[in-house]
2 protein chains.
Amino acid sequence: MSLPHALLGLIRYRPATGYDLKNTFENSIHFFWNAALPHIYRTLKQMETQGWIVSNVEPGEGKPDRKVYRLTEAGEKEFLRWLSQPPENPEPRLPMLVKVFFARQMPVREFKEHLEKWRAHYAGLLEKYEKEVAAVIEQYSLRYDASEDACYWRLTLDYGIRQAKMVIEWCDHALEGLQTAATPPNGLDAHNPG
Amino acid sequence: MSLPHALLGLIRYRPATGYDLKNTFENSIHFFWNAALPHIYRTLKQMETQGWIVSNVEPGEGKPDRKVYRLTEAGEKEFLRWLSQPPENPEPRLPMLVKVFFARQMPVREFKEHLEKWRAHYAGLLEKYEKEVAAVIEQYSLRYDASEDACYWRLTLDYGIRQAKMVIEWCDHALEGLQTAATPPNGLDAHNPG
DNA sequence: CGAACCATGTAATTGGTTACATGATTGT
DNA sequence: ACAATCATGTAACCAATTACATGGTTCG
């Protein structure tokens, strides 16, 4: 699995707490990876026993203490090893497509609502990617002194944008099809006749 | 989660064993949902205690016994209830994109190999979808007497095709970018100078 | 005679989410 | 006073994969 390796990659830029890492997930790579806080804390603990990272508690003056993790040499090595492994092919699980597959069993009106909600979700993502995320990439590439990395970050953003556009187009295509083909002659839907 | 509901939907067409259901997954909806056999067996057992399905052991003459599940009224009701719920938005986890994000840390040559492998995977899927799956849809719509469902099945297939094309185009775009921009002036890659 | 297919499952482990618990600081 | 943010985590649960175990049939 990739969570420990995603964490290694982020800690590599600079030492961080679990809380920091959650934030980084949220405003940088959340559109192709995310993790809940408890999951992150648990994974960090496992990584420490593996010897990939070490922690150091910084007493917070006034603020809560910070348990800051940094990479060990073993962690560095493991991260590079993982990077060089060929990519895993994802096995997608899309409940929405399961609903589409069985959509005959529901009123056409309801199915349209589903499609519109899905479309709206991806339209929202697309807007976010094109506005916010592009800006965040610039910001981070300065903060982490990683301007050479930025082109790869933009590549992942480009993936997100293409994905969102694809889904939006598919939704439009599906909605069009329903308009013309699936409407019963009398204009009422299949499950609420009369 | 959707596995029990995907199973309800399939059993609804006709009673089936866990083994049957695994096969149906494999050659119909595997590109947006899949499940391993043990997972299916366990889920079927849970669904039976919930009262959504009932089993009936058909002694196999010569062959192994078949434990055939069919829908109850409660199962039918639950399935339709689930269908009418608004779709869940997926939280994708794409280890490949994590590698892309950190790709600065690996030799360009290696990164290209990753991209080419990913591209090949989706090119393979695309071919499969366009040839095999389209045929399977026809075949199943006859076998299950479900010609009215076929247009929805085609919609999911269309999604798979668009997804595959999107990834292929993105890979090509990324590879192009590497050719022109990321090659060091001397033509050697960043991690193996000299 | 061996490989592939039919058909069942259990046990163990990993990966991920949700609910719960604590306590200080900052801003409205 | 109240909510939000910073910061830690534990416990319980659900979802999914992998390894293990069994045994008959059919086809080459």
Please check if any side-chain donor atom of N89(A) sits under 3.5 Å from a side-chain acceptor atom of Y122(B), or the reverse.
-> no
Check whether the side chain of R42(B) and the base of dA16(D) form a donor-acceptor pair under 3.5 Å.
-> yes
Integer-rounded Å distance: dG15(C) P and N34(A) CG = 17 Å
If you check the H39(B) side chain, which of dC6(D), dT10(D), dT17(D) turns out closest?
-> dT17(D)
What is the distance, rounded to the nearest whole Å, between atom CG of N23(B) and atom P of dA7(C)?
-> 9 Å
When you match D20(B) and R93(B) each to their closest nucleotide on DNA chain C, which lands nearer the 5' end?
-> D20(B)
Interatomic distance, L44(A) CG vs dT10(D) P [rounded to whole Å] | 12 Å
Any side-chain heavy atom of F79(A) within less than 4.5 Å of one from F102(B)?
-> yes
What does T17(A) touch in the nucleic acid at a heavy-atom separation under 4.0 angstrom: a base, only the sugar-phosphate, or nothing?
-> sugar-phosphate
What is the nucleic acid contact for K22(A), judged by heavy atoms within less than 4.0 Å: base, sugar-phosphate only, or nothing?
-> nothing
When you match V68(B) and E91(B) each to their closest nucleotide on DNA chain C, which lands nearer the 5' end?
-> V68(B)
Y41(A) OH to dT18(C) P, in whole Å, measures 17 Å
Take the protein atom CZ of R66(B) and the nucleotide atom P of dA7(C), then report the distance between them rounded to whole Å.
-> 5 Å
Are the charged groups of R81(B) and E78(B) less than 4.0 angstrom apart, N to O?
-> yes
Full working for side-chain hydrogen bond (donor to acceptor under 3.5 Å, both in side chains) between Y69(A) and N56(A) | CA-CA 6 Å; Y69(A) 289 94; N56(A) 179 21; over 6 Å; no
Looking at the side chain of A36(B), which of dT18(D), dT10(D), dG16(C) is the nearest nucleotide?
-> dT18(D)
Send over the distance from K45(B) NZ to dT8(C) P, rounded to a whole Å.
-> 12 Å
Rounded to whole Å, the CG-C1' distance (L37(B) to dC6(C)) equals 11 Å
OH of Y69(B) versus P of dT8(C): gap in Å, rounded?
-> 8 Å
Can a side chain N or O of K67(B) be found less than 4.0 Å away from OP1 or OP2 on dG9(C)?
-> yes
Per the side chain to side chain contact (heavy atoms under 4.5 Å, CB included) rule, which among E110(A), R104(A), R109(A) passes with M106(A)?
-> E110(A)
